[in-house]
2 protein chains.
Amino acid sequence: MGRKVIDNPNLCSLVHAMNIIGGKWKPIIMYLLANGSLRFGKLLMFTPTISKKVLTEQLKELEEDGLIIRQKFPEIPPRVEYSLSEKGKALLPVLKALSDWTMETYGNEIGFEQCRIVTL
Amino acid sequence: MGRKVIDNPNLCSLVHAMNIIGGKWKPIIMYLLANGSLRFGKLLMFTPTISKKVLTEQLKELEEDGLIIRQKFPEIPPRVEYSLSEKGKALLPVLKALSDWTMETYGNEIGFEQCRIVTL
DNA sequence: CCCATAAGTCACCTTTTTGTAACCACTATT
DNA sequence: AATAGTGGTTACAAAAAGGTGACTTATGGG
């Protein structure tokens, strides 16, 4: 059928990007860590509708991809802090641009109820 | 338990953004349409591992969210062309920034085999 | 009359993702 | 002796997403 196969680096990196931060919760986790490190329990509270299991999985993947750093303190009860790596910090402007685009494009349609933050 | 609930617009819009373009194929479809309109069949060829059903679904959702425009020509056999709307075009710089970040961050780790483009 | 074509739809099935609840380790407190 | 606190893990169930192949529509060509 006379086909041609060509590489498209931009497309490939977009595919790669979506594999890395395409998960529903990953951008949110990154954003929550933008202002400093957070413990597992705090992250669980700040993303109200996520389950413990899923949060654990997402954090593990983000760590494997080098976007966040997991620091474990040998205390009892245990304490684990998550923070952004340099790679992760470099992604923040992109997330900000995405957030801005969404605000400008969908502004009033965004349902704030779905993503309130709970603090103590 | 003395909790406080606070709105966080940036976070909310990020959640919203991921609902809209978080699908595995959506950024790729947008990117393919960056240079002009494409027919359904072409889109199907350009994204080799997507199935007809899934492509249909993704296109429908993108259209519902106002990112792409579907133009149907009353011909036999039918012809349908998809193109970016203004909203969609406004997202392109963000996708570009994401692509750039991925290249800079993961450069050589990106598997080009997975996302070659097939043309006639 | 039969086939091909483009852009889907539909029914059915498999795979992946997500949720739920229980459990663990270790120590301090009650 | 029982309980609480933290950061998980595990088994199981439910839901969502994705794949496959047949079918549709209308018409022109052989």
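Each chain gets a letter, A, B and so on, in the order its sequence line appears, and its residues count up from 1. Side-chain atoms are counted along with the backbone in the values below, which use heavy atoms only and exclude waters and symmetry mates. Note that the structure is a prediction, hence the values are computed from the model and not measured.
Contact check, B/Y82 against C/dA6: no side-chain N or O comes under 4.0 Å of OP1 or OP2. The shortest distance between the side-chain N/O atoms of B/K60 and the OP1/OP2 oxygens of C/dT9 is below 4.0 Å. A/R70 has a side-chain polar atom (N or O) that falls below the 4.0 Å cut-off from OP1 or OP2 of D/dG8. Contact between the side-chain N/O atoms of A/R39 and the OP1/OP2 oxygens of D/dG7 is found at a separation under 4.0 Å.
Here D/dG18 presents its C1' atom at 10 Å from CD1 of B/I50, a figure rounded to the nearest Å. Taking atom CD of residue B/E81 and atom P of nucleotide C/dA7, one finds them 9 Å apart after rounding to whole Å. If you measure from atom CZ of A/R79 to atom P of C/dT27, you get 17 Å, rounded to the nearest angstrom. Between B/L38 atom CG and C/dA6 atom P the separation is 15 Å, expressed in whole Å. One atom, CG of A/L59, and another, P of C/dT18, lie 14 Å apart when rounded to the nearest Å. Whole-Å rounding puts the A/E57 CD to D/dG7 P distance at 18 Å. For B/L55 and D/dA17, the CG to P distance is 16 Å, given to the nearest whole Å. Look at CD on A/E63: it is 14 Å from C1' on D/dG7, rounded to the nearest Å.
Counting non-hydrogen atoms of neighbouring residues, nucleotides and ligands closer than 6.0 angstrom, the NZ atom of A/K87 exceeds 12 such neighbours.
Out of D/dT20, D/dG7, D/dT10, the shortest distance to the side chain of B/K53 is found at D/dT20. Of the candidates D/dG19, C/dG8, D/dG7, the closest approach to any side-chain atom of B/T56 belongs to C/dG8. Nearest to the side chain of A/F40, among C/dT5, C/dA7, D/dG7, sits D/dG7. Counting only heavy atoms from C-beta on, A/K52 has its side chain closest to D/dG7 among D/dT20, D/dG7, D/dT10.
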Give the intermediate values and the outcome of salt bridge (Lys or Arg N to Asp or Glu O under 4.0 Å) for residues B/E57 and B/K60. CA-CA 5 Å; B/E57 286 167 1; B/K60 198 173 285 176; over 6 Å; no
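Across all strands, B/K72 comes closer than 4.0 Å to no nucleic acid atom at all (heavy-atom distances).
A perpendicular orientation is assigned to the rings of B/W101 and B/Y106, their planes being inclined by more than 60° (bins at 30° and 60°).
A/S85 contributes a side-chain N or O that, together with a main-chain N or O of A/G88, makes up a donor-acceptor pair within less than 3.5 Å.
Using a 4.5 Å heavy-atom threshold, the side chains of A/I20 and A/L62 count as separate.
Both A/W25 and A/I76 sit near DNA chain C, but only A/W25 has its closest nucleotide nearer the 5' end.
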